Number of protein chains: 2
Amino acid sequence: MTTQPSARERVLQAYEDLLINDGPRAATLDAVAAAAGVSKGGLLYHFKSKEALTAGLVDKMREMAELDFALMAKDPDGCAKYYVRTSVFGGTTFDRTIVAAMRLAQGDDSTVRAAFSEIHASWYRLILGDIKDPSVARAVMLLGDGLYYNAALFGLPAHAGNDAGPDGSVDVQSLLGVVDRMASGARA
Amino acid sequence: MTTQPSARERVLQAYEDLLINDGPRAATLDAVAAAAGVSKGGLLYHFKSKEALTAGLVDKMREMAELDFALMAKDPDGCAKYYVRTSVFGGTTFDRTIVAAMRLAQGDDSTVRAAFSEIHASWYRLILGDIKDPSVARAVMLLGDGLYYNAALFGLPAHAGNDAGPDGSVDVQSLLGVVDRMASGARA
DNA sequence: TGTACTGTACCGACTAGACGGTTTAGACTA
DNA sequence: TAGTCTAAACCGTCTAGTCGGTACAGTACA
């Protein structure tokens, strides 16, 4: 039995949801407060400004990224497959946070982009430690990026889709097979 | 000797430039008009609303996509390599239009997303015609998507970068090599 | 040839509303 | 009593869109 999330957490969650579902334009302070079931004053009690709200989201993303790095480093399938596997949106809280932040990344906010750059660099280092060939490592990363960005732009599937249609849904298993072949070729 | 571009064309161009360089928030009607060397009234003479301005950009993108499909279909290196090769931002007008539209895609405007979906689907069909394996075709597309999205979010390099650093710049040649190996494995 | 009129292209001041943010007054509770 | 809020009024700024007006090229026609 989880305790009721604090108002601060609800605000951050509502901000994410609005960013994902309706885009940055719709994620106004009023809208976020309403979605969080909090008054505007209440929101501004926890986050002094919209900038601070965004900074809160970025902090959350960084924290979650650290946990992700640890999981990635010790995944039995290797970092490359871990990365691709988890890039297919699975509905984890980390996924949502990333996609929300991604929606913010094309704005004027350079702190979001900077955070992404750093997280990206760490992912690359981990994948490069798994797959030694830099080109293949880069290709794997780009593949994962493509998955994330598609999710960010074209909406997150409610289900963890398993069919591969030309409509954009992706068969994770077969993609992982492709990554496997790329990786084994590079390691050989 | 080219004739002076019309005001309408200049407006569309300025809209693209602002979207790419400063993001959707900065691409206000006033800013676009000023960048195009046109008054706000003049802009609104050609495009009745901001929505119409976006629609103009989408139309332009669709037209350019048709030309791209034709080039892609008859590229001697095959559709897959063509796609990855041209996904690395080369500064072509089509690249700029796509990246500009991409910056708009996370907004409320569903028409932009719809256009992207259709163009994406066509690209996928062409790549699938080249590489028969759907998984590999999908992987190649995602790789190209990653390249485009990275360009859209983290700025377009002024130069056609040739070095592969962990900073995100990509060595096109070695990536194409990876694609080659994936493709030949799939075709075999 | 001069005049009246039409349509196109464009200008720039203005308006209404949205948004971020502030402030104030007060309530609930640990 | 201090911390965590609510509710609502309010302010300055920004933005999309409106509106009245201008400049000019063409054209009909007397």
Side-chain angles (χ1 to χ4, degrees), chain A residues 2-58 100-101 103-112, chain B residues 2-60 100-101 103-112:
Chain A
T2 58
T3 60
Q4 172 84 351
S6 71
R8 199 193 129 95
E9 281 163 2
R10 289 207 317 277
V11 166
L12 229 35
Q13 186 64 53
Y15 189 35
E16 280 183 14
D17 289 344
L18 276 167
L19 284 172
I20 291 171
N21 297 326
D22 304 310
R25 291 287 295 267
T28 66
L29 293 185
D30 283 296
V32 172
V38 163
S39 72
K40 192 176 178 178
L43 186 158
L44 286 161
Y45 174 79
H46 291 288
F47 301 96
K48 292 252 176 287
S49 66
K50 191 162 201 187
E51 200 181 331
L53 182 58
T54 298
L57 186 65
V58 170
R103 289 238 172 182
L104 231 36
Q106 79 293 327
D108 25 342
D109 205 314
S110 60
T111 66
V112 182
Chain B
T2 57
T3 60
Q4 172 84 352
S6 70
R8 200 193 129 95
E9 283 163 359
R10 289 205 319 275
V11 165
L12 227 36
Q13 186 63 53
Y15 189 35
E16 279 183 17
D17 290 344
L18 277 167
L19 284 172
I20 291 170
N21 297 326
D22 304 310
R25 290 287 295 265
T28 65
L29 293 186
D30 282 297
V32 172
V38 162
S39 73
K40 192 174 184 179
L43 186 158
L44 286 161
Y45 173 78
H46 291 287
F47 301 96
K48 293 253 175 285
S49 67
K50 192 162 200 190
E51 199 181 332
L53 181 59
T54 298
L57 186 66
V58 169
D59 286 346
K60 185 179 169 187
R103 289 235 172 185
L104 231 35
Q106 78 295 327
D108 24 344
D109 205 314
S110 61
T111 67
V112 183

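Here is how names work: the chains are called A, B, and so on, in the same order as the sequence lines, proteins then strands, and each is numbered from 1. Treat the numbers as computed from the prediction; the structure is a model and nothing was measured.
- Listed candidates were D/dT15, D/dC5, D/dG17. Nearest to the side chain of A/Ala7 is D/dC5.
- Side-chain proximity of A/Leu29 to the nucleotides C/dT22, C/dG21, D/dA16 is greatest for C/dG21.
- The two residues A/Lys40 and A/Asp30 come nearest to each other via the heavy atoms CD-OD1, 3.4 Å.
- The base of D/dA7 does not come close enough to the side chain of A/Lys40 for any donor and acceptor atom to sit less than 3.5 Å apart.
- What you find for A/Val32 and A/Val11 is that their closest heavy atoms are CG1-O, 3.7 Å.
- In this structure, A/Tyr45 atom OH and C/dT22 atom P are separated by 16 Å, rounded to whole Å.
- No side-chain N or O of A/Ser39 forms a donor-acceptor pair with one of A/Tyr45 less than 3.5 Å apart.
- As rounded to whole Å, 12 Å separates atom P of C/dA9 from atom CZ of B/Phe47.
- Summarising the geometry, the separation between NZ on B/Lys50 and C1' on C/dA18 is reported as 14 Å, rounded to the nearest angstrom.
- Side-chain atoms of B/Arg103 never come within 3.5 Å of backbone atoms of B/Pro24 as a donor-acceptor pair (strictly under, hydrogens ignored).
- In this structure, the CD atom of A/Glu9 is 11 Å from the P atom of D/dC5, given to the nearest Å.
- Nucleotides of DNA chain C nearest to A/Lys48 and B/Leu43 differ in position, and the one nearer the 5' end is that of B/Leu43.
- In this entry the distance linking CG of A/Leu44 with C1' of C/dT22 reads 9 Å, nearest Å.
- When distances run from any side-chain atom of A/His46 to the nucleotides C/dC10, D/dC5, C/dG21, the shortest one goes to D/dC5.
- Taking the side chain of A/Ser39 as heavy atoms from C-beta on, and the options D/dT6, C/dG20, D/dT15, the nearest nucleotide is D/dT6.
- With rounding to whole Å, B/Arg25 atom CZ is found 12 Å from D/dC14 atom P.
- Per the geometry, CG belonging to B/Asp30 stands 17 Å off P belonging to C/dC10, to the nearest Å.
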